[in-house]
Amino acid sequence: MPYFDNAATSFPKPDCVLAAVEDCLRNYAANPGRSGHSMALKMDRAIYDTRERLCDFIGGEDPLRTVFTYNCTDSLNTAIHGFLRSGDHVVTTSMEHNSVNRPLMEMKNKGLIELTIVEGDRQGNITTEQIVTALRKNTSLVCMTHMSNLTGTIMPVEEVGKAIHGKAAFLVDAAQSIGVLPIHVQEMQIDMLCFPGHKGLFAPMGTGGLYIAPGVELQTIRQGGTGSFSQDFVQPQIMPDRLESGTPNGPGIIGLGAGLSFIEETGIDTLHQQEMKRMRQMIDGIQDEERILLYGPLDERQGPVLSLNIHGMDSAEVAYRLDQDYGIAVRPGLHCAPLAHKTIGTLDTGVVRFSFSYFNTEEEVDLAVDALRRIARGE
Ligand SMILES: Cc1ncc(COP(=O)(O)O)c(C=O)c1O
């Protein structure tokens, strides 16, 4: 099935990921860090090895501050609820996913924090100047996405990181950018990086990560067994145990490690160029079709996510036709980002979203172009 829903979860996964997960499940998927037997130690070492490689991959300083989570939402909740204190002011943007909006709104509605939401333009662009202008004396956090899941708009994260350094902490939602765009938390002055494993890192679902720069301390939102300091009734201080209670998704983390190997061997630039080539092919194939509306910057400020509508048709109907008549997988409707839809003017209609991966072929895009043109012409 031509699969263009990689912004939700990437598919297919590289063979090396399948092989690594199967090998783990068959041979050593014991509970890490709890029992001292050889299998448990092997699992523990394999997870630590992945942690080190992941930290390197994002340009982090300390692998022990690279925490495994279960998805990007989990990372964002751990960071947002763990970092913010009563009386804090937060700057965020209108292009955020609900996994940023909702934790922030929850805290705002409880009267704990003040919130400023910086508005994007019709293509979802946000400028550094807008962010800096929104800072106040009590701003403790700037929280923004690296790349919009609706329009693919790439945000000026490095510029913002440098501009606000020393004024507020910087939290970046890298759900759409990890494995797609280069990320270096130290160079970009990012204090907390939240990301999933199951999208651009090619890991199975149930994987994610959170990097916390040295000097940033989080309160825990979850407490429990860590396999360390078991005599204590209270949560340990040491990282990553402090933020990693309960049995981890060991086989998923091993898959994430294999995903990193695939990215490193192929090269993130090669992956990105291929994804962008496919998106460009699709834009070129449909942009002269009068009834098709395209969203986003449609230039180098856009990553491999393309949202569109067919004039006069519901996005769900278009997606249904693509699926049923052509066997093409896309996502319709609202994309868990209501303010972003409002920003680009699609809150009432939703959009049909195509999100590309390295594995999409030229033939698949040709098929999608042909299908969209036919649907737009009422065939
Ligand atoms: C920008 C953005 N942030 C956060 C998330 C949440 O990610 P997850 O599904 O891994 O919790 C998504 C998911 O699509 C997203 O696109």
Side-chain angles (χ1 to χ4, degrees), residues 3-11 13 54 67-81 92-106 117-118 120 124-126 142-155 157 160 170-181 183 190 192-211 221-222 248-249 252-253 255-256 259 275 295-296 302-307 329-344 346 350-357:
Y3 182 88
F4 296 102
D5 197 17
N6 293 282
T9 287
S10 61
F11 183 89
K13 308 297 185 194
L54 187 55
V67 170
F68 287 114
T69 64
Y70 299 102
N71 48 47
C72 194
T73 305
D74 191 24
S75 311
L76 286 160
N77 272 273
T78 305
I80 291 171
H81 288 295
T92 189
T93 85
S94 72
M95 295 308 290
E96 305 307 313
H97 189 272
N98 272 342
S99 51
V100 168
N101 298 330
R102 288 180 175 172
L104 289 176
M105 285 311 289
E106 174 98 3
I117 301 175
V118 169
N125 296 297
I126 306 272
V142 171
C143 182
M144 72 189 289
T145 187
H146 190 183
M147 180 177 137
S148 162
N149 64 312
L150 179 63
T151 53
T153 313
I154 299 168
M155 305 299 170
V157 157
V160 172
F170 192 28
L171 188 164
V172 173
D173 172 2
Q176 295 301 334
S177 59
I178 191 119
V180 172
L181 302 171
I183 295 177
I190 295 170
M192 286 169 275
L193 185 79
C194 300
F195 54 91
H198 61 101
K199 301 184 199 267
L201 295 182
F202 299 110
M205 285 178 250
T207 53
L210 163 62
Y211 179 78
I221 60 165
R222 185 190 298 126
N249 178 359
I253 292 170
L256 195 155
E275 293 154 0
Y295 302 97
Q302 182 166 342
V305 169
L306 180 64
S307 285
V330 295
R331 177 170 167 186
L334 298 180
H335 296 258
C336 297
L339 289 178
H341 279 282
K342 195 162 168 238
T343 303
I344 68 162
T346 58
V351 298
V352 181
R353 183 181 73 183
F354 283 76
S355 45
F356 300 83
S357 112

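Remember, it's 1-based here, ligands and their atoms both numbered in the order they're listed. For this chain, numbers begin at 1 and follow the sequence in order.
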Are any side-chain N or O atoms of [X] and backbone N or O atoms of [Y], one a donor and one an acceptor, separated by less than 3.5 Å?
X: S148; Y: M95; value: no
X: T346; Y: K342; value: no
X: H341; Y: H335; value: yes

What is the distance from atom SG of C72 to atom NZ of K199, rounded to the nearest 0.5 Å? 7.5 Å

State whether D74 and R222 are salt-bridged, where the test is any N-O pair (Lys NZ or Arg NE/NH1/NH2 against Asp/Glu carboxylate O) under 4.0 Å.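 Yes, D74 and R222 are salt-bridged.
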
Using only heavy-atom distances, determine whether the side chains of S94 and T343 contain a donor-acceptor pair under 3.5 Å.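 There is such a pair (donor and acceptor under 3.5 Å, judged by atom type) between the side chains of S94 and T343.
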
Every pair of nitrogen or oxygen atoms between ligand 1 and the protein that is under 3.5 angstrom apart - can you list them with their distances to 0.1 Å?
| residue | atom | partner | partner atom | Å |
| --- | --- | --- | --- | --- |
| ligand 1 | 3 (N) | D173 | OD1 | 3.3 |
| ligand 1 | 3 (N) | D173 | OD2 | 2.6 |
| ligand 1 | 10 (O) | C72 | N | 2.9 |
| ligand 1 | 10 (O) | H198 | NE2 | 2.7 |
| ligand 1 | 11 (O) | C72 | N | 3.4 |
| ligand 1 | 11 (O) | T73 | N | 2.9 |
| ligand 1 | 11 (O) | T73 | OG1 | 2.4 |
| ligand 1 | 14 (O) | K199 | NZ | 2.5 |
| ligand 1 | 16 (O) | Q176 | NE2 | 2.7 |

